[in-house]
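None of these values were measured; they are calculated from a predicted model. Sequence lines set the chain letters: A, B, ... in the order given, protein chains first and strands last, and positions in each chain run from 1.
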2 protein chains.
Amino acid sequence: MIQLSSTEENYLKNIYRLLAEGGEKVGTNEIAALTGTKAASVSDMLKKLAEKQLLSYRKYHGVSLTEEGTKTALLILRRQRLWEVFLVEKLKFAWDEVAAIAEELEHVKAPVLVRRLDEYLGFPKFDPHGDPIPDEFGEWESSPRVLLQEVAPGKAGKVVAVTNSSAAFLSYLDKVGIYIGAKVEVLDKIEFDGSVELRIDGGKTVYLSREVAANLQVRLHPS
Amino acid sequence: MIQLSSTEENYLKNIYRLLAEGGEKVGTNEIAALTGTKAASVSDMLKKLAEKQLLSYRKYHGVSLTEEGTKTALLILRRQRLWEVFLVEKLKFAWDEVAAIAEELEHVKAPVLVRRLDEYLGFPKFDPHGDPIPDEFGEWESSPRVLLQEVAPGKAGKVVAVTNSSAAFLSYLDKVGIYIGAKVEVLDKIEFDGSVELRIDGGKTVYLSREVAANLQVRLHPS
DNA sequence: AATAAAATTTAGATTAGTCTAAAAATAAAT
DNA sequence: ATTTATTTTTAGACTAATCTAAATTTTATT
């Protein structure tokens, strides 16, 4: 593995994340939005990373990661998520406070540190947001998905899929503020009609009917 | 406190260290040697840091830290030393392996992280090398230290620091079984060459040359 | 298919940190 | 007190990462 700057690592990580939820390719504007830069800067960086064989880049047509690039991105995510576990489990931060700090810690490179940290934490498989932690080969355990309908009150998780993709359904979700990746917390379940009281992204709460809740898959946060 | 780059922090920390053992002022060459740069680069940086009121700088006459600069340097040392404690106590690194890793970790800025880490480690007062850890106000417990060379026969104490950290020296110490925290008892001092007969951890005894004894600091046990 | 809109890339400039080589100032030595 | 040696500073150039504004390419719309 080549030695990368923290900046390059950040680009790689963000490109990976966009590809993971998006599709085949990502464009410079999307990347710019996520890295907090401008499309012009992204263009330059893409050239550099393509040079290093970490992504394949055809001008004006977006990028995808190479095998090597994917492996590297997963290593960075591994470091980020291990630090998040540390911050929550050991230093008692709340799971929604750790992002910025882990962002800094994840760029500490020493591989032996990552190994020892992993061991110290007991080889966790998921971070406090419920995202899987890749092992040193980039493999991870896929965590079970549950229908929102099945989630017990008090539990929190993240929307990972919809099982109905009619336009009507999707635009309803949009209207109430639910999207793939939204953090949701089940506040209550109403017995007689199976509807669910839900807090979205730690903000507003909505009631979803049983039909809606039966078409949303979530991945639960650990414990 | 102004936001500093990791590079600026490194300069500050190294200038502090030179002043602590040296004297009133330090020159650009000394600083360059410690930061791994050239004197010309140091000149530029000194101007910048003087601009920010962190040190006082008279051309051609070396620098000293201002009140603010000293406070900042101590905060950086605090972070470095807390991470060293973490690496040794929690991740089971050896005390002579942690320098490079702590060097990276110390530049993670979030103040709340430092506070939580301190708490998590049980508010340690000394790092694994025996150096004091400043509190958030820059104060630290001064423990009287003596050079092993100066310790009278019959006295016992604990090794708290080495004043030479060359790999050759450290590996020699390792070889004879001396480490930070080792309990040592001076059995005899040989007049004509200044060497010291030492019992280590109540076990084996070794003879250390005057040169070696002059580079080991111990904290004497009471009585 | 032609044109308008959106996205992307290039060109040229900027900032932080560094370097080498030359100039200037201080310190040491005759 | 001059001269020599050492240290420090300046001048000018380089790299990484960024920006704005203009040019280009692709996509969408009439």
With the criterion being N/O to N/O and under 3.5 Å, what pairs connect the protein with nucleotides 1-3 of chain D, and how long is each?
none

Worksheet, complete the sentence: Rounded to whole Å, CE of A:Met45 lies from P of C:dT9 at a distance of 14 Å

Worksheet item: Tell me: NZ of A:Lys47 to P of D:dA16, nearest whole Å?
Response: 14 Å

Worksheet item: Roughly how many Å is it from CZ in A:Arg58 to C1' in D:dT25, rounded to a whole number?
Response: 12 Å

Quick test: give all pairs of protein nitrogen or oxygen and nucleotides 1-4 of chain C nitrogen or oxygen below 3.5 Å, distance rounded to 0.1 Å.
none

Discussion item. I need the single residue from A:Glu106, A:His107, A:Glu9 that forms a side chain to side chain donor-acceptor pair (under 3.5 Å) with A:Arg79. Which is it?
Written reply: A:Glu9

Item to complete: At under 4.0 Å between heavy atoms, which parts of nucleotides 19-25 of chain C does protein reach? Answer with one letter per nucleotide, 5' to 3': B base, S sugar-phosphate only, - none.
Response: BB---BS

Worksheet item: Are A:Tyr11 and A:Thr37 close enough that some pair of their side-chain heavy atoms sits under 4.5 Å apart?
Response: yes

Discussion item. Tell me whether the side-chain N/O atoms of B:Tyr57 come closer than 4.0 Å to OP1 or OP2 in D:dT9.
Written reply: yes

Worksheet item: Do any side-chain nitrogens or oxygens of B:Thr28 fall under 4.0 Å of OP1 or OP2 in D:dT8?
Response: yes

Discussion item. If I take atom CG in residue B:Asn29 and atom P in nucleotide C:dA27, what distance separates them, rounded to the nearest angstrom?
Written reply: 14 Å

Fill in: Distance (rounded to the nearest 0.5 Å) between A:Leu4 CG and A:Lys52 NZ
5.5 Å

Worksheet item: Between CG of B:Leu117 and NZ of A:Lys90, what distance do you get to the nearest 0.5 Å?
Response: 13.0 Å

Worksheet item: What distance separates B:Asn215 CG from B:Leu208 CG, expressed to the nearest 0.5 Å?
Response: 11.0 Å

Discussion item. Students often mix this up, so state it plainly: with edges at 30° and 60°, are the rings of B:Tyr120 and A:Phe86 parallel, tilted or perpendicular?
Written reply: perpendicular

Discussion item. Rounding to an integer number of Å, can you tell me how far A:Ile31 CD1 sits from D:dT18 P?
Written reply: 13 Å

Fill in: cation_pi(A:Arg219, A:Phe126) dist<6.0 Å, angle<=45
no

Worksheet item: Please give, in whole Å, the distance from D:dT7 P to B:Lys25 NZ?
Response: 18 Å

Worksheet item: Once you round it to whole Å, what is the distance between P of D:dA16 and CG of A:Leu4?
Response: 13 Å

